[in-house]
Asks: 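Right, I'll just put the structure down here and ask away after.
No hydrogens, no waters, no symmetry mates; every other heavy atom, side chains included, goes into these values.
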Amino acid sequence: MQPAVSDLATVTTLRQSLPTSEQFLNASDKIATFPAAPPEPVRQAAPLAPQRDWPSALALIEETSEAIRISNLRYAQLEDRLQQTIGQAAVNMRELESQIATANEMLWRSEERARQAEARALEAEGWLARLHDAVTTSFSPANRPQPRD
């Protein structure tokens, strides 16, 4: 704000320093003269506006509204089809989840049976080893009774 105040003070001081009569002397030198405007040409009658083809415009509007109606009908059909597809996908997904759960249960049972079979096989191998040892030790030549002559 300071610069604006100082500018206003400067202008006011300068105006007061000029004598009043000098301000308006030779004022006619400062008026600009402009050439006279040429006269307006005589306007001819404007051609009549073309007639509007209202029946064609109405037919175009009717065709457009019919196209919009058909588009809306198609949209509704597609929306219904989408909802049916979503419902069918949900049913399929539940069936697949059930099948996966059943397969997981069967896998768990199979793994459990495999563990049990492995334990029985290890136990059977142990018994076979003992039986082998018993047979080889019992029927070895050192343990045979001497024949009687």
Asks: Hey, could you give me the CG/CD distance between Asn72 and Glu79, rounded to the nearest 0.5 Å?
Replies: 12.0 Å
Asks: Applying salt bridge (Lys or Arg N to Asp or Glu O under 4.0 Å) as the test, list every pair that has at least one member in residues 108-121; sequence neighbours left out.
Replies: Glu105-Arg109, Glu112-Arg115
Asks: Quick one: side-chain contact (heavy atoms from CB on, under 4.5 Å) partners of Trp54, sequence neighbours excluded?
Replies: Arg52
Asks: Any pair with a residue in residues 125-135 that passes salt bridge (Lys or Arg N to Asp or Glu O under 4.0 Å), sequence neighbours left out, goes on the list, sorted by first then second residue, please.
Replies: none
Asks: Only pairs under 3.5 Å count here: list side-chain donor-acceptor contacts from residues 58-67, not counting sequence neighbours, and write none if there are none.
Replies:
from, atom 1, to, atom 2, distance (Å)
Thr64, OG1, Leu60, O, 2.8
Ser65, OG, Ile61, O, 3.3
Ser65, OG, Glu62, O, 2.8
Glu66, OE1, Arg69, NE, 3.3
Glu66, OE2, Arg69, NH2, 2.5

Asks: From Leu107 CG over to Thr102 OG1, what is the distance, rounded to the nearest 0.5 angstrom?
Replies: 12.5 Å
Asks: Report, one line per pair, each donor and acceptor closer than 3.5 Å where one atom sits in a side chain of residues 84-100; sequence neighbours left out.
Replies:
from, atom 1, to, atom 2, distance (Å)
Thr85, OG1, Arg81, O, 2.8
Gln88, NE2, Asn92, OD1, 3.0

Asks: According to a 4.5 Å side-chain heavy-atom criterion applied to Ile, Leu, Val, Met, Phe, Trp and Tyr, with indirect links allowed, do Trp127 and Val135 form part of one hydrophobic cluster?
Replies: no
Asks: Quick one: list whatever passes side-chain hydrogen bond (donor to acceptor under 3.5 Å, both in side chains) with Asp53, sequence neighbours left out.
Replies: Ser56
